[in-house]
Amino acid sequence: MSNGFRARLGSISTIQSARSLFPTTTVEPTTAVTFTNVEPNLIGTESTYTPSVTDSEGFLANSGLLTDDEVSDYFQQPDEDLSEMLTDLIRHTPEEPTSAKQSFLDVNIFPNPYDLDEEEFYKRHIEISKEDELFHDKLKQFFILSNAGKPIYSMNGSDEIIIGYMGVITTIISTFEENMNEEIYSISVGDMKIVALNKSPLILVSISKIAHEQPNVLLSQLNMLYNYLLSIISKPTIDRNFHNKLNYDLRRILTQLDFHNLDCLCMKMTYGLTSYDSFNYYISQLLNASLQQIKISYTARQRLNKILLDSKRMRQNSDDKETDLGADLLFSILSVNSKIVSFMKPKNHNLTNQDLTLLFSIINSSKSDISNDETSEDMWFPICMPNFNPNGFLYVFVKTIILQTTPVTITLLSSNKNSFYQIRQISNYIIHKLTKPKMLSKLTKELHESNTLAILREVPISHFIYKNKALNQFVMSDTDNSVNSVLQLSYFYNTLYHTKASQMKTIGSLNIKKFSYTRWTVDEAVITGFMLSDNNYEFYCLCNYQINSKELIGHCIKVIKWCEKNYNRLFIGNGVSFT
Amino acid sequence: MSVIEDSIQPPPYKIVLLGESSVGKTSLVHRFTSNTFDVHIANTIGAAFITKLYTSHSDANRKVKFEIWDTAGQERYRSLTPMYYRNAKVALICIDLSNFESTFHTAKYWIQQLELNNSSNADDKPIEIHLIGTKYDLVQSQTTPKISQEDIETKVNELIESHGNIVKFHTTSSKEGTGIVELFEDIVVAIDDDFFKSYYDKAQSETDVQGGPIGSILNARHAATSGCC
């Protein structure tokens, strides 16, 4: 671990490398308020940076921020040819960033009482450790225990150290239950937040010393852990085991892989670490279980949807008997790195985003190296999708094929545990269609290009997220997955998300626009965060230098318009349904 | 052999791996199918189905498509296992040589399960069992083994003698890649000539009728596409 970590830290670049076009030194200060204090605290707060409607005039005039009217002007611009509008904004001479790459420690995301360097800090305060030595130094704790106080899972520490806490937790929870007839939810002690979720016969508890983690976020994290347990064991099995024996030890049916997966979930939910898709997962959870999308042309998507629908209707004739191969098939998913490209579902049923995210987490946890076609593996396992049916299992077929260099994962969910061979034939049909020369070349070209969102070449925005509210789906710029970048980005977006937004003056319109603006100064560097939303979308972006706010908003509008224009390419919508 | 046999896919030959969790079933399969080894391999969820074409080193006419079910060892997946050994020709029951006692106990459980299955499927040929001792490299490096090689051999031999379906005991190391090709070679060499003959005869007659087994799949595909509006 330590070597890997050092190597990753070595290439840290946060958002600075993502956009190196704009040296920070060339940008003029945009505000009349100057920040002589280089304490890298969050500077934008409700009172200074996100003026309420009533006092906005004076502040905005002084600060050089856009007035509401000016902002509205941008929205009233006719849809002229965007590229023309853009040309003067594009700077053609990329320059190397002048400032050194900053560390997550410089951003003061976490207190650093021992003045440790990055690697020491990570080891002492962040990294999961089942040794007792560093137990009290960890910023985050998760516990799962039974009503009777039997420990089931702990993110850190051994049984010996946690067993005492289990007693305390059950006592507090049962006292609340019995004496006040209500459920305890959250307690704050200084910088520490404790949140409990009572899912009798299980109790889940989270303790966080991370300032930007809100109790409601901690609660949704606990729900995710609970759903993981449901997905592998299902509600009836849990209830039955505890009904028979009050002090039942749930660990008996959990495996090494389950504990590993719980560890991974804890790290993903808290920090957005440590696998290739964990930052995406973090953002997805931050945006209320939104699903990340991948850009692909509308026609390609339609064709993929058609392949899935056709495969559902497959029949086979053997021995004069016609079998309906897809009879038990409920959901079909084509995905690239956990991003759904094509989705098929029954007309009257759906899988929630939470269930899908959980499914992908489990699939990824067991993914082995993908070898050549001849020997690639098919996975077949039971899963309970808690929001679909907490009482029963679905059976999942998973196969990943490599199209040129892009891994495409076929996930088929069946209601019948004995339907493997039928489902496998359906998968073979899908692979057969995907690898037809015409389809293959179109698809690989598109998937290859989808990695970079074209609009980012045109605007000096380092990183953005655009979420379609109605669909609860989002697109996001590519992220460099180093520990340092992920810790900073997750912190920036978290702060931006929870900063109170101001409402824009809108006359006679029901479409309420909101925005918030946050700035962090870290040593010499300035990071600007901006959020803009209306009834249809939420847009978040980060800029790694001090930018004129008027200019920034212009760029944001441009990206938003690009996303709207590319709606069909960016969003899968509801997929296709069969009846 | 003949030209026709070259154009027909080799016969599928189904194998199921059983045994306690973490005895090294997946490592064994990976060593065989892709000649790789990873110490930190993840637990298998449910089961994995892998196919691999294999031609005997001693007889090029003995060519099969192994269909291998690599099952999860954990108890909570046991309700699924009957599907994996249905129609299987061979079961590889794995025992961790560096953790003999408990994994041997589970191996006995699987032998019983297979015997129950065999007796209920009277018309099928019973599943042949190979006992596989895994992680031999670890045993060699142990200075004070919990159980001696002699004791292991005695126990395994007793087991083989009391169960007619157990063909052989193999010692393997997926880490060092020893004993694994030999195991699968053994399996292929031991296949009845009748098995190949009846497969190719059947395939030949189907080719004459409707374009062979591949043809029937294509027919199915055609039906699927044409059935769509």
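Every chain is numbered from 1 and lettered A, B, ... according to where its sequence line falls, protein lines coming before strand lines.
Proximity to chain A is absent for every atom of B/Phe32, based on heavy atoms less than 4.5 angstrom apart. With a 4.5 angstrom heavy-atom cutoff, B/Tyr77 touches chain A only via side-chain atoms. With a 4.5 Å cut-off on non-hydrogen atoms, A/Arg424 touches chain B through its side chain but not through its backbone. Proximity to chain A is absent for every atom of B/Ser22, based on heavy atoms less than 4.5 angstrom apart.
With a 4.5 Å cut-off on side-chain heavy atoms, A/Trp380 and B/Met83 count as touching. Contact of the B/Arg86 side chain with the A/Asn418 side chain is registered, since non-hydrogen atoms from C-beta on lie closer than 4.5 Å. Side-chain atoms of B/Ile45 and A/Ser365, non-hydrogen and from C-beta on, do get closer than 4.5 Å to each other. Residues A/Pro382 and B/Leu80 are in side-chain contact: their nearest non-hydrogen atoms beyond the backbone lie under 4.5 Å apart. Side chains of A/Phe397 and B/Phe49 form no contact here, defined as non-hydrogen atoms less than 4.5 Å apart. Within the 4.5 Å cutoff, the side chain of A/Ile232 has heavy atoms near those of the B/Arg76 side chain. A 4.5 Å side-chain heavy-atom check between A/Gln256 and B/Ser21 finds every atom pair outside the cut-off.
Residues A/Glu377 and B/Ala48 share a closest heavy-atom pair of OE1-CB, 3.6 Å.
Other residues, nucleotides and ligands contribute more than 12 heavy atoms inside 6.0 Å of the CD atom of B/Glu182. Under a cut-off of 6.0 angstrom, the local environment of NZ in A/Lys235 is crowded, with over 12 non-hydrogen atoms contributed by other residues, nucleotides or ligands. Atom NZ of A/Lys130 sits in a crowded spot, with more than 12 heavy atoms from other residues, nucleotides or ligands closer than 6.0 Å.
Every residue two or more places apart in sequence or in another chain was checked for a side-chain hydrogen bond (donor to acceptor under 3.5 Å, both in side chains) with A/Asp249, and none qualifies.
Note: A/Phe420 leads A/Phe381, A/Tyr421, A/Phe420 in heavy-atom pairs under 4.5 Å with chain B. Ranked by heavy-atom pairs under 4.5 Å with chain B, the list A/Ile307, A/Val396, A/Ile383, A/Asp258 is led by A/Asp258. Counting heavy-atom pairs closer than 4.5 Å to chain B, the top residue among A/Ile253, A/Thr255, A/Thr237, A/Leu254 is A/Thr255.
For residues 89-99 of chain B, heavy-atom neighbours of chain A at less than 4.5 Å comprise no residues at all.
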